[in-house]
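Keep in mind that what you see is a predicted model, and the values were worked out from it rather than measured. Only this structure's heavy atoms are used, side chains among them; waters, hydrogens and symmetry mates stay out.
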Amino acid sequence: QVQLVESGGGSVQAVGSLRLSCAASGRAFSDYSMGWFRQAPGKEREFVAGISGSAGASAYAESVKGRFTVSRDNTKNTVYLQMDNLNPEDTAVYYCARSRFFFVRRNPTEYDYWGQGTQVTVSS
């Protein structure tokens, strides 16, 4: 069984930064791509960023491109999301997830393990 545990959320003012971490248990971490999703109140869960198993490729939602950076350390079974120049529209619960595939996926239905989520609140 795979467990994902996020950390690093919190409250920050606009244009500030936060770094989220997601530690994974289980084997073969580098065989699977990892993704970050977010869900704001009253909205559907949306893809934020993803990274392939080897960290050779990444993908971002248009709304965060140039501000967020996804990375992973396969020696630590951990994936990160560096979030810079935050704005109030980034306020949401952020989830990390493990897909069933090596390459990045944007569709949440292609992810089979999810963390519990961590709240990010950005004030203006």
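For R45 and Y95, the positive end sits near the middle of the six-membered ring, less than 6.0 Å away and at most 45° from its axis. A cation-pi arrangement is absent between R98 and W114 under the rule of less than 6.0 angstrom and at most 45 degrees off the ring axis.
At least one side-chain heavy atom of M34 sits under 4.5 Å from a side-chain heavy atom of F29. Using a 4.5 Å heavy-atom threshold, the side chains of V64 and M83 count as separate. Here the side chains of S63 and R38 are in contact, with some heavy-atom distance below 4.5 Å. Between N87 and E89 the shortest side-chain heavy-atom distance falls below 4.5 Å. Inter-residue side-chain proximity for T118 and L20 is flagged as met; some heavy-atom pair is nearer than 4.5 Å. Taking 4.5 Å as the limit, every side-chain heavy atom of T91 sits out of range of all side-chain heavy atoms of V120. You'll find the side chain of E6 reaches within 4.5 Å of the side chain of W36, heavy atoms only. Taking the side chain as every heavy atom from C-beta outward, E110 and F101 approach each other to under 4.5 Å.
Distance alone, capped at 3.5 Å, places no donor-acceptor pair between the D90 side chain and the V122 backbone. No donor-acceptor pair under 3.5 Å is formed between the side chain of S99 and the backbone N or O of R105.
Smallest separation of non-hydrogen atoms from N85 and S17: N-OG, 4.3 Å. G56 and S52 get closest at one heavy-atom pair: N-OG, 3.2 Å. When all heavy atoms of A59 and V104 are compared, the pair lying nearest together is CB-CG1, 3.9 Å.
Rounded to the nearest 0.5 Å, atoms CZ (F103) and OG (S33) are 9.5 Å apart. For the atom pair SG of C96 and OH of Y113, the computed distance is 13.5 Å after rounding to the nearest 0.5 Å. With values rounded to the nearest 0.5 angstrom, L18 atom CG is found 9.5 Å from D84 atom CG. Here L81 contributes atom CG and S71 contributes atom OG; the two are 8.5 Å apart, rounded to the nearest 0.5 Å. To the nearest 0.5 angstrom, R72 atom CZ is 10.0 Å from C22 atom SG. Separating the OG atom in S123 from the CG atom in L86 is a distance of 10.5 Å, to the nearest 0.5 Å.
Residue Y111 is not grouped with residue I51 when hydrophobic side chains (ILVMFWY) are merged at heavy-atom distances under 4.5 angstrom, including chains of intermediate members. Hydrophobic clustering of Ile, Leu, Val, Met, Phe, Trp and Tyr side chains at less than 4.5 Å, counting indirect connections, keeps V79 apart from Y32.
Residue F102 qualifies as enclosed at atom CZ: its count of foreign heavy atoms under 6.0 Å is above 12. For Q13, the CD atom counts as loosely surrounded, since its 6.0 Å shell holds 12 or fewer non-hydrogen atoms of other residues, nucleotides or ligands.
For the residue pair T78/D73, the side-chain donor-acceptor check at 3.5 Å is not satisfied.
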Practice task
Apply the test side-chain contact (heavy atoms from CB on, under 4.5 Å) to residues V12 and T121: give CA-CA distance (whole Å), side-chain angles for both, the deciding distance (0.1 Å), then the verdict.
Solution key: CA-CA 6 Å; V12 65; T121 303; over 6 Å; no
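The list of ring pair (Phe, Tyr, Trp, His ring centres under 6.0 Å) pairs with a residue in residues 38-85, not counting sequence neighbours, reads F37-F47.
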